[in-house]
Amino acid sequence: MKGFLTVFSLECKKVFSSKGFWIFAIVILMLCLIVTASFKSIDDLLEGMDDSVVEGGAGATAAEMARYYELQLEEYRKAVESGATEQKLSDTTETQLKNMIAIYTYCDEHGIDPDKLTTLGTNTMLRMSSSDYVTTMTQLVFAFVTIMSIVLAAKTFAGEREDGTMRMQLTRPIKRSTLLTAKHTAVFVSSMATGLALTVIFMVVGATFFDASTSRVVLVDAYQNVTIINPYAAILLLLAIYAVTVEVVVQFTLFVGTFVTKTGALAIPLVLYLFAGSVAMLLYNTGLPFVGLFTNLSWASALTPAGAPIRGMSIYSMIAVTLVWTAAMTTTNYLMFEKRDLK
Amino acid sequence: MQEFNEKNGFSDDVFEVVAGNSGQKETCGSVAPTTLYLTIDGVSKTFKKPLAALNKKAAGGIVALDKVSLEVGKGEIFGILGPNGAGKSTLIKVITGLVIPDSGTVTLDGLDFRRDKHEFMKRVGAQIETPVFFNKKSGWWNLKYLADLQGGLPDQRIKDIVELVGLSSRIKSRVGTYSMGMRQRLGLAQAIMHNPDFLVLDEPINGLDPDGIAQVRDLIRQLRDCYGTTVLFSSHILGEMQTLCDRVAFLASGRLVAVKTRAEIEHGLGDVSVLCVVCDEPNRAAALIGEKYGYRTKVQGTALYVEVKGGNTAEINKTLIENGISVVSFSVKTRTLEEMYKELTR
Ligand SMILES: Nc1ncnc2c1ncn2[C@@H]1O[C@H](COP(=O)(O)OP(=O)(O)OP(=O)(O)O)[C@@H](O)[C@H]1O
Ligand SMILES: [Mg+2]
């Protein structure tokens with residue numbers, strides 16, 4: 001344990017004392033500030049406009065909206081029955097329609113204005129409230145932080161192994177497993193710390209520049225249970241989801257780095273991460289059952305009306321899939337590293 | 001001498017620095033290699049392609065070490081010689097745990113590497129091939145980092161070591177800006193800073209200037225003489241090997257071909273020596289000697305080389321003269337380490 005803490009603190013020191021890290025963090029901050037400026041200008045622009053022009057469906061009541069989606073669902077089912085539409089296992093159309101019905105019914109029953117609701121994957125830039133802003137920024141920040149964690153993980157593991165600096169570390173009385181764990185933890189902790197620090201910055205920015213409205217975040221699970229949560233609870237939930245995402249990404253980068261050199265360890269996870277959405281779309285169309293294995297990184301979507309990648313798949317089974325495949329990667333990683341010849 | 005050392009940035013007080021306990025000098029004296037310290041038993045290693053490595057029985061791959069066994073006594077300075085690709089670095093990497101051998105065991109001070117790796121590595125200071133550091137960081141940062149990995153050292157101690165290896169003036173600059181010799185010196189500093197019992201150096205004088213070579217030589221001797229440090233090192237510089245090592249192992253294509261003591265190196269290989277005869281009929285002389293004694297001969301112009309076993313050189317001279325060959329010159333050459341090296345690693 002003492003050995004681990006020593007190596008871990010040195011790994012962290014290495015990350016935080018590197019110029020590249022700070023440049024990266026500042027670039028993220030700058031990009032997000034540019035996005036903030038554009039949010040603010042859109043917000044100001046919309047300020048003077050008529051509500052009905054801005055928000056398309058603002059005229060309809062929640063009950064009317066629920067009825068509208070029920071009709072759509074009926075039509076869809078008929079199409080499936082008649083064979084006009086083929087229903088695939090990973091097809092989420094039905095889930096999405098059911099989710100919309102559930103949300104609008106809930107609003108109708110509880111007397112909630114649906115226009116005040118946002119989802120975790122919020123994409124309304126209209127009338128930004130400070131809490132919408134912070135959830136959006138948290139997602140944006142973590143998109144960059146995840147990329148940062150890939151870079152750090154590729155550098156510290158495959159990179160140091162290839163350039164020979166790991167040899168210097170391993171000719172000291174340190175277990176290989178300790179070194180790997182320390183590197184892994186240090187990358188995770190430093191990435192998360194960056195993400196948290198930036199989120200806090202944007203909370204302050206949000207509170208300063210945007211109107212703190214009464215908006216609420218809506219979650220729908222695989223069984224169409226609707227939960228309305230406080231926006232700050234949503235931020236915490238997002239942070240938890242991103243903690244898992246960063247962890248999976250770091251583990252995956254280390255895993256790839258076990259087999260290939262630094263360039264590969266950098267490129268493969270990066271391409272997969274950046275194009276995971278497109279890859280997932282392609283896979284949806286195949287309708288194969290194992291799609292969930294590839295798209296588990298985006299499992300925040302299992303809590304939004306978008307639905308899980310596999311029809312009816314719950315967030316728990318997605319967590320289970322994630323756990324199983326991280327465990328498999330970790331085990332392979334450690335076993336391979338123990339037996340590896342170093343340059 | 002004092003001036004010379006100062007000019008080159010070498011510390012005079014090597015003993016104090018190495019001991020890490022300034023003021024407490026110990027008496028120096030040669031420690032006889034009596035007790036067994038390092039045992040390498042039947043170590044084999046074949047480098048295979050990653051997928052082939054999964055199948056232990058699959059043929060092919062590069063045989064880097066083939067059943068190498070050797071023993072090094074406590075306080076011994078042990079050299080490893082061999083051509084490029086002989087497996088010297090691989091052997092050293094096996095000892096330091098960087099390369100996992102296919103079979104065989106490495107034991108240090110009674111500790112099996114596989115079982116007591118931690119205790120084993122605590123005793124080891126190593127420099128392997130060209131040392132690689134974090135290039136964007138200073139030499140000082142690198143030393144501090146490596147020291148901290150092992151539990152830390154006082155700044156003063158690191159400073160002394162830096163002075164000892166003659167890097168004081170550049171220790172604050174980035175390692176990326178160092179010359180090869182400076183890296184080598186930094187590599188040596190990180191190997192000895194914990195005052196290890198066992199020093200493993202892979203080509204430590206590669207790239208060093210003459211002052212640096214002399215300094216490393218003195219350092220190795222002093223470490224051994226004063227603290228009983230066991231040193232295992234590889235080098236291609238035969239002169240250094242000959243002056244420094246108690247014993248030298250010869251590796252060729254992964255096999256240990258011989259282990260020679262310094263006495264054996266200095267006095268030729270057993271009782272074999274080379275006779276160089278310059279005469280008027282070298283070819284007839286060669287035939288004559290081949291016929292009568294069965295020695296290997298080689299003719300080059302008017303010179304005839306004979307590989308003589310035993311001390312009967314006078315008799316050969318007599319035979320030649322009796323057969324009417326006029327001998328211009330007759331000399332016996334004991335083989336140098338270079339010749340021994342060439343023959344053993346052929
Ligand atoms: N990681 C590796 N993968 C494949 N082959 C390797 C690897 N490391 C070494 N070898 C091979 O093992 C053999 C021994 O290499 P090694 O580096 O031990 O030689 P050496 O005696 O140190 O040579 P030199 O004098 O050039 O330093 C060589 O044929 C080399 O090609
Ligand atoms: Mg070598």
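Only this structure's heavy atoms are used, side chains among them; waters, hydrogens and symmetry mates stay out. Just so we're on the same page: letters track the sequence lines, and every chain starts at 1.
Rounding to the nearest 0.5 Å gives a distance of 12.0 Å between NZ of Lys122(B) and CD1 of Ile174(A).
For Lys88(B), the NZ atom counts as densely surrounded, since its 6.0 Å shell holds more than 12 non-hydrogen atoms of other residues, nucleotides or ligands. Under a cut-off of 6.0 angstrom, the local environment of NZ in Lys13(A) is crowded, with over 12 non-hydrogen atoms contributed by other residues, nucleotides or ligands. Counting heavy atoms of neighbouring residues, nucleotides and ligands inside a 6.0 Å radius, atom NZ of Lys137(B) exceeds 12 of them. The local environment of CZ in Arg255(B) is sparse, with at most 12 non-hydrogen atoms from other residues, nucleotides or ligands closer than 6.0 Å.
When every heavy atom of Ile100(B) is checked against every heavy atom of Glu338(A), the shortest pair comes out as CD1-O, 3.5 Å. Closest approach of Lys93(B) to Lys343(A), counting heavy atoms only: NZ-C, 3.6 Å. Among all heavy-atom pairs drawn from Met121(B) and Thr171(A), the shortest one is CE-O, 3.3 Å. Between Pro131(B) and Met168(A), the closest heavy-atom pair is CB-CE, 3.3 Å. Here the closest non-hydrogen pair linking Arg172(A) and Leu146(B) is CD-O, 3.5 Å.
Without hydrogens or angle criteria, Arg167(A) side chain to Val132(B) main chain gives no donor-acceptor distance under 3.5 Å.
Using a 4.5 Å cut-off between heavy atoms, Gln190(B) contacts chain A through both its backbone and its side chain. Looking at Lys117(B), only its side chain comes within 4.5 Å of chain A, counting heavy atoms on both sides. Using a 4.5 Å cut-off between heavy atoms, Thr90(B) makes no contact with chain A at all. For chain B, no part of Ser9(A) is nearby; none of its heavy atoms comes within less than 4.5 Å. In this structure, the portion of Thr6(A) lying under 4.5 Å from any heavy atom of chain B is its side chain and not its backbone. With a threshold of 4.5 angstrom between heavy atoms, Phe120(B) does not approach chain A through any atom at all. Contact of Pro196(B) with chain A is not made at all, since no heavy-atom distance falls under 4.5 Å.
Chain B forms the most heavy-atom pairs under 4.5 Å with one residue out of Lys339(A), Arg176(A), Met166(A), and that residue is Arg176(A).
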Worksheet entry | side-chain contact (heavy atoms from CB on, under 4.5 Å) between Asp341(A) and Lys45(B), worked out | CA-CA 10 Å; Asp341(A) 298 325; Lys45(B) 177 72 195 178; 2.7 Å; yes
Item to complete: May I have the step-by-step check of side-chain contact (heavy atoms from CB on, under 4.5 Å) for Leu149(B) and Val7(A), ending in yes or no?
Response: CA-CA 6 Å; Leu149(B) 270 181; Val7(A) 188; 4.1 Å; yes
Fill in: side-chain contact (heavy atoms from CB on, under 4.5 Å) between Phe134(B) and Glu160(A), intermediate numbers included
CA-CA 9 Å; Phe134(B) 293 102; Glu160(A) 284 185 13; 3.4 Å; yes
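Side-chain contact check for Lys14(A) and Tyr145(B): at least one donor-acceptor pair (N or O, by modelled atom type) lies under 3.5 Å.
Counting only heavy atoms from C-beta outward, the side chains of Ser18(A) and Lys136(B) never approach each other to under 4.5 Å.
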